[in-house]
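In the text below, chain A, chain B and the rest are named by the order of the sequence lines, each starting its count at 1. Bear in mind the structure is a predicted one, so any value in this text is a computation, not a measurement.
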There are 2 protein chains.
Amino acid sequence: MKIGELSTCTGVSIRSLRYYEQQGLLTPVRLENGYREYSPFAEEQVRTIQLYLNLGLSTEQIAGFLHCVLKNKESFCEEIVPVYREKLKEIDEQIKLLQSIKSNLEERMQSILEEQSSQEREE
Amino acid sequence: MKIGELSTCTGVSIRSLRYYEQQGLLTPVRLENGYREYSPFAEEQVRTIQLYLNLGLSTEQIAGFLHCVLKNKESFCEEIVPVYREKLKEIDEQIKLLQSIKSNLEERMQSILEEQSSQEREE
DNA sequence: CTTGACCCTCACACTAATGTCACGGTTTAT
DNA sequence: ATAAACCGTGACATTAGTGTGAGGGTCAAG
């Protein structure tokens, strides 16, 4: 399978496929003419990469356990647990920050709206 | 007040003060020697900028209402309401996304831990 | 043999605020 | 007069994944 086919059947851009290779996530062989040749398993592999990217993991983190996940069930890969834990912690912090900003914004919004309506009554 | 003093008394780096100027948030006059001279109000102005940056607004957004906020009470500035609304919408989307990723991660984590403990019992 | 559809590499752009370095002028105190 | 402490501009780096374009090789069908 050449890169164009893999791109079409996965919906991932050629640019991204080459980037994943550069990050060590894909290792196609090269034909004599220099073209990348992907095994049939590459399709699933790309979908797996996308799955983890959508979980907010970096290519570097994914590179750390991808080889294991592709051979075994995810639950067999101990490498993945600390990554999940770290990501969860990070997400919790982000949510907390966003919620505090949200409260702050809502309060300010409320003050403005109240004051504006009281000004209207005075006019 | 020169830039070093303003930096010291606000805790904002000189680099950032110059950047704010470039973004139209600060407009110090220039002395004959080319040095920036800030008015005494600049200190409050910088604190105000920081406040809005910490609410996650961009310098461009801040530039849109800063002049008003510095002259009037915030509640007098209608320009600010749509910015707050937009930011709130954005934050809600981010929180939603983070929470769905969080659930997903927690489920996966749970599966792994359950399966691992069941494997231990088999050994 | 030419055209079109592939493929290759390299490299710059993007976002946004900040850090940092180079290079050079100014002011102040000794 | 010289050194230290300021100030100025300009430019590159950072993050991480992706888009995009240049310039050029390959291959298959007509």
Side-chain angles (χ1 to χ4, degrees), chain A residues 1-38 42 45-64 66 83 86-87 90-91 93-94 97-98 101, chain B residues 1-38 42 45-64 66 83 86-87 90-91 93-94 97-98 101:
Chain A
M1 186 164 31
K2 277 181 298 187
I3 198 167
E5 298 172 70
L6 186 57
S7 172
T8 301
C9 77
T10 59
V12 173
S13 74
I14 290 179
R15 176 69 175 87
S16 294
L17 293 176
R18 292 203 264 242
Y19 178 70
Y20 299 162
E21 176 177 352
Q22 192 188 324
Q23 300 305 112
L25 300 180
L26 290 176
T27 50
V29 298
R30 295 299 180 117
L31 300 178
E32 284 181 1
N33 57 16
Y35 287 14
R36 291 167 176 83
E37 175 66 26
Y38 294 91
Q45 193 162 350
V46 170
R47 295 193 196 286
T48 303
I49 294 169
Q50 286 283 297
L51 183 153
Y52 289 117
L53 282 177
N54 288 334
L55 285 176
L57 303 185
S58 67
T59 54
E60 192 184 353
Q61 288 175 312
I62 298 171
L66 186 63
V83 177
E86 192 185 344
K87 191 69 198 175
E90 198 181 301
I91 287 178
E93 281 164 11
Q94 285 184 57
L97 178 60
L98 286 174
I101 292 178
Chain B
M1 183 164 34
K2 278 181 297 187
I3 198 167
E5 298 172 70
L6 185 58
S7 172
T8 301
C9 77
T10 60
V12 173
S13 75
I14 290 179
R15 176 67 175 91
S16 293
L17 293 176
R18 292 203 265 240
Y19 178 70
Y20 299 161
E21 176 177 352
Q22 192 188 324
Q23 300 306 112
L25 300 180
L26 290 176
T27 49
V29 299
R30 294 301 180 115
L31 300 177
E32 283 181 4
N33 57 17
Y35 287 13
R36 291 167 177 83
E37 176 67 26
Y38 294 91
Q45 193 162 350
V46 171
R47 293 194 197 286
T48 303
I49 293 169
Q50 287 283 298
L51 183 152
Y52 289 117
L53 283 176
N54 288 333
L55 284 175
L57 303 184
S58 68
T59 54
E60 192 186 351
Q61 288 175 312
I62 297 171
L66 186 63
V83 176
E86 191 186 345
K87 192 69 198 174
E90 197 182 302
I91 288 179
E93 281 164 11
Q94 284 185 59
L97 178 60
L98 286 174
I101 292 177

Verdict with reasoning, B/Y52 to B/V83, per side chain to side chain contact (heavy atoms under 4.5 Å, CB included): CA-CA 11 Å; B/Y52 289 117; B/V83 176; over 6 Å; no
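Atom CD in B/E37 sits about 11 Å away from atom P in D/dG8, given to the nearest Å. Rounded to an integer number of Å, the gap from A/E90 CD to D/dA16 C1' is 13 Å. In this structure, A/L31 atom CG and C/dC8 atom P are separated by 9 Å, rounded to whole Å. One atom, CD of B/E60, and another, C1' of C/dA17, lie 14 Å apart when rounded to the nearest Å. Computed from coordinates, the B/E5 CD to C/dT27 P distance equals 15 Å when rounded to whole Å. Rounded to whole angstrom, the span from the OH atom of B/Y35 across to the P atom of D/dA5 amounts to 14 Å. For B/E21 and D/dC7, the CD to P distance is 13 Å, given to the nearest whole Å. Residue B/L17 contributes atom CG, which lies 14 Å from atom P of C/dA17 at whole-angstrom precision.
Comparing D/dG17, C/dC8, D/dT18 by their nearest atom to the side chain of A/T59 picks out D/dG17.
Between B/Y19 and C/dT18 there is no side-chain polar atom (N or O) within less than 4.0 angstrom of OP1 or OP2. At D/dT9, one or more side-chain N or O atoms of B/R36 fall inside 4.0 Å of OP1 or OP2 (strictly under the cut-off). When the side-chain nitrogen and oxygen atoms of B/R30 are compared with OP1 and OP2 of D/dT9, one or more of them lie within a distance under 4.0 Å. The side chain of B/N33 places an N or O atom within less than 4.0 Å of a non-bridging phosphate oxygen (OP1 or OP2) of C/dT27. At C/dA17, none of the side-chain N or O atoms of B/S16 fall inside 4.0 Å of OP1 or OP2 (strictly under the cut-off). Of the side-chain N and O atoms in B/Y20, one or more sit less than 4.0 angstrom from OP1 or OP2 of C/dT18.
A/N54 and B/I101 make their closest contact through O-CD1, 3.7 Å (heavy atoms, listed as atom of the first residue, atom of the second, distance).
Not a single donor-acceptor contact under 3.5 angstrom links the side-chain atoms of A/R18 to the base of C/dT9.
Atom CG of B/L51 is separated from atom CG of B/L57 by 9.0 Å, given to the nearest 0.5 angstrom. Taken to the nearest 0.5 Å, the CD1 atom of B/I49 stands 7.0 Å off from the CD1 atom of B/I62. With values rounded to the nearest 0.5 angstrom, B/E86 atom CD is found 5.5 Å from B/Q61 atom CD.
Each of B/K2 and B/R15 has a nearest nucleotide on DNA chain D; the 5'-most of these lies closest to B/K2.
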